[in-house]
Amino acid sequence: EEESKASGPIFPRALARTLSQRLHKPVSWRSAGVDGGDINDIREHLLGIVQEETDKGQAPDLVVVLTGSNDLKHILNVG
């Protein structure tokens with residue numbers, strides 16, 4: 001099956017597809033990335049997104065947070 005970039009990032013699509021298949025229920029998802037952000041940037045941004053979805057009556061059942069090497073750069077700079 002050919003999927004375009006317009007379909008969104010691969011991880012949330014694959015996770016939603018897997019959950020839907022295993023739970024036998026439709027699954028919707030939203031990706032909310034922070035390019036170049038560390039865990040504090042992600043927390044601030046993510047809390048706003050979760051609040052926005054909740055205010056629309058669509059509180060998430062699951063939130064997945066992935067972090068990368070931007071946090072590591074702060075650890076290595078501590079001296």
Side-chain angles (χ1 to χ4, degrees):
E1 169 182 333
E2 184 176 328
E3 297 181 21
S4 71
K5 288 183 181 181
S7 298
I10 187 66
F11 179 79
R13 284 185 301 163
L15 179 60
R17 182 174 44 245
T18 300
L19 288 172
S20 180
Q21 290 170 347
R22 294 197 179 196
L23 298 173
H24 305 289
K25 294 183 176 187
V27 172
S28 61
W29 61 271
R30 177 175 179 179
S31 179
V34 179
D35 288 334
D38 62 15
I39 193 65
N40 292 318
D41 299 324
I42 294 168
R43 181 184 61 228
E44 282 185 37
H45 183 68
L46 184 59
L47 288 175
I49 298 297
V50 170
Q51 186 63 55
E52 182 181 306
E53 293 297 318
T54 301
D55 291 347
K56 292 190 302 187
Q58 301 170 342
D61 293 314
L62 174 70
V63 175
V64 177
V65 178
L66 302 174
T67 64
S69 60
N70 287 313
D71 283 303
L72 182 59
K73 72 182 177 188
H74 295 294
I75 294 169
L76 295 176
N77 287 331
V78 173

**Prompt:** When rounded to the nearest 0.5 angstrom, what is the spacing between CD1 in Ile39 and CG in Leu46?
**Reply:**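 Answer rounded to 0.5 Å: 9.0 Å.
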**Item:** Residues Asn40 and Glu44: side-chain donor-acceptor under 3.5 angstrom
**Value:**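 Absent: no donor and acceptor within the cut-off.
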**Request:** Please check if the side chain of Thr54 supplies one atom and the backbone of Val50 the other of a donor-acceptor pair under 3.5 Å.
**Result:**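 Here the side-chain-to-backbone pair exists.
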Taking side chain as C-beta onward, heavy atoms only, is [X] less than 4.5 Å from [Y]?
X: Arg43; Y: Leu47; answer: yes
X: Arg30; Y: Glu52; answer: yes
X: Phe11; Y: Val64; answer: yes
X: Trp29; Y: Pro9; answer: yes

**Message:** Minimum heavy-atom separation for Ala32 and Ile49, please, with both atom names.
**Reply:**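 Scanning both residues, the minimum pair turns out to be CB-CG1, 3.9 Å.
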**Connected via hydrophobic side-chain network under 4.5 Å: Leu62 and Leu66** =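 Leu62 and Leu66: one cluster.
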**Item:** Within one Ile-Leu-Val-Met-Phe-Trp-Tyr cluster: Val63 and Ile42, side-chain cutoff 4.5 Å
**Value:**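 Yes, same cluster.
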**Message:** Looking at Lys25, I want to see if its NZ is surrounded by more than 12 non-hydrogen atoms of other residues, nucleotides or ligands under 6.0 Å.
**Reply:**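 At most 12 heavy atoms, drawn from other residues, nucleotides or ligands, come within 6.0 Å of this atom.
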**Message:** Taking atom CG as the centre, does Asp61 end up with more than 12 heavy-atom neighbours from other residues, nucleotides or ligands that are less than 6.0 angstrom away?
**Reply:**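 Incorrect, the count does not exceed 12.
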